[in-house]
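First up is the structure itself, then whatever we jot down about it.
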Amino acid sequence: MRASLRGKSQMSPTGGAQAEEINDLRAGLGALILAHNYQRPEVQDIADHTGDSLELSRIAAESENPVIVFCGVRFMAESAAILCPEKNVLLPVPRAGCSLADAATAEQVRSARDRWPGATVVAYVNTSAEVKAESDICCTSANAVEIVRSVDEERPIIFVSDRNLGHYAASITHRDVILWEGACPTHEALRLRDVLDRKREHPGAEVMVHPECIPEVLEAADTVAGTAGMLAHAADPQAATKFIVGTDIGLIHQLKKQNPDKEFHPASEYMVCPTMKLTTLEDIASSLKRMEHVITVEEPVLSKARAALEAMLVQCS
Ligand code: CIZ
């Protein structure tokens with residue numbers, strides 16, 4: 001059944017009848033469709049808003065819509081559910097997880113606190129609600145440096161759960177950061193050799209890479225930024241007109257759409273997060289029809305995780 005539905009989506013890459021069905025369902029339910037920058041192009045195109053997880057959660061919280069369809073991975077839908085528990089937050093594909101979020105459990109964070117008493121726990125948004133609930137403050141790839149800089153200088157920082165992002169924030173702020181043994185396989189797979197090969201193929205192109213990449217790759221880049229930062233930078237009329245992009249290739253669709261006169265080349269064709277690509281138009285239509293899969297976060301995790309997310313929002317408002 002699913003295989004044949006996926007076939008239909010491939011025959012109709014711009015949406016077609018499926019898009020019409022989604023539009024009718026969305027209007028009937030007053031639903032808002034949000035798509036992360038790493039989603040499939042046709043999913044980005046049907047969304048009301050695209051963005052990084054923080055932007056999308058903020059939009060969800062500020063919207064009047066009673067139903068939010070979050071096209072992304074579980075931790076993102078959880079963040080939206082934490083920030084707006086009164087809404088129905090739907091994750092079209094419930095098995096869309098994140099290996100980085102799986103790299104830390106609440107129990108492990110509690111053990112780390114026992115090992116380094118007095119440390120501040122900074123949790124990357126790519127963590128479960130339970131891990132956020134054990135943390136003092138959250139951060140995203142867009143604000144990790146600002147958040148690390150903002151916390152008490154006298155205390156070491158346990159940075160959960162991406163060691164490359166933690167290393168990057170420590171190298172900029174010179175703060176005492178204890179790194180977690182976790183990394184995003186999609187970003188970690190990018191090697192310096194890939195970047196150098198692309199530079200040779202596209203002379204004069206500016207290299208933008210995500211801070212989840214390895215330090216060697218970050219050192220070779222002209223710009224280090226999360227997806228929101230890359231989009232903002234590429235749109236700057238003063239910036240280059242040709243870019244090599246070191247993040248999930250889903251972002252290339254949005255970069256080209258927003259900057260039709262500029263060139264964007266993936267640093268590696270292999271930078272494809274498999275779980276970010278699970279969601280199809282069929283899944284979105286099914287999610288709206290069945291009101292599935294509702295993501296909820298129960299107390300006391302909800303209030304504690306919300307406090308960590310709000311601490312970040314206050315710091316970066
Ligand atoms: O915060 C996000 O959305 C993630 C995981 C990456 C990014 O840079 O957008």
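Reckoned from all heavy atoms, side chains included, excluding hydrogens, waters and symmetry mates. Start at 1 and go down the list; that is how both ligands and their atoms are numbered.
- In this model, a donor atom of one side chain and an acceptor atom of the other lie less than 3.5 Å apart for Glu299 and Ser303.
- Proximity of Ser141 to ligand 1, defined as any heavy-atom pair under 4.0 Å, is confined to the side chain (atoms from C-beta onward).
- Using a 3.5 Å distance cut-off with no hydrogens or angles, the side chains of His210 and Asn164 do not pair a donor with an acceptor.
- Contacts of Asn126 with ligand 1, taken as heavy-atom pairs under 4.0 Å, involve the side chain alone.
- Using modelled atom types, one finds no donor on one side chain facing an acceptor on the other under 3.5 Å when comparing Ser287 with His293.
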Mind running salt bridge (charged side-chain N to carboxylate O under 4.0 Å, His left out) on Arg191 and Asp194 for me, showing each step along the way? CA-CA 5 Å; Arg191 299 283 117 178; Asp194 299 313; 6.0 Å; no
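- Ligand-side atoms of ligand 1 in range of His36: 2 (C), 3 (O), 4 (C), 9 (O), range being under 4.0 angstrom from any heavy atom.
- Residue contacts with ligand 1: Thr227 is placed with a nitrogen or oxygen under 3.5 Å of a nitrogen or oxygen of the ligand (distance criterion only).
- At a cut-off of 3.5 Å, with distance as the only test, no side-chain donor of Thr105 or Glu107 sits close to an acceptor on the other residue.
- Ligand-side atoms of ligand 1 in range of His210: 6 (C), 7 (C), 8 (O), range being under 4.0 angstrom from any heavy atom.
- The residue among Ser53, Cys139, Gly226 with a heavy atom at the shortest distance from atom 2 (C) of ligand 1 is Ser53.
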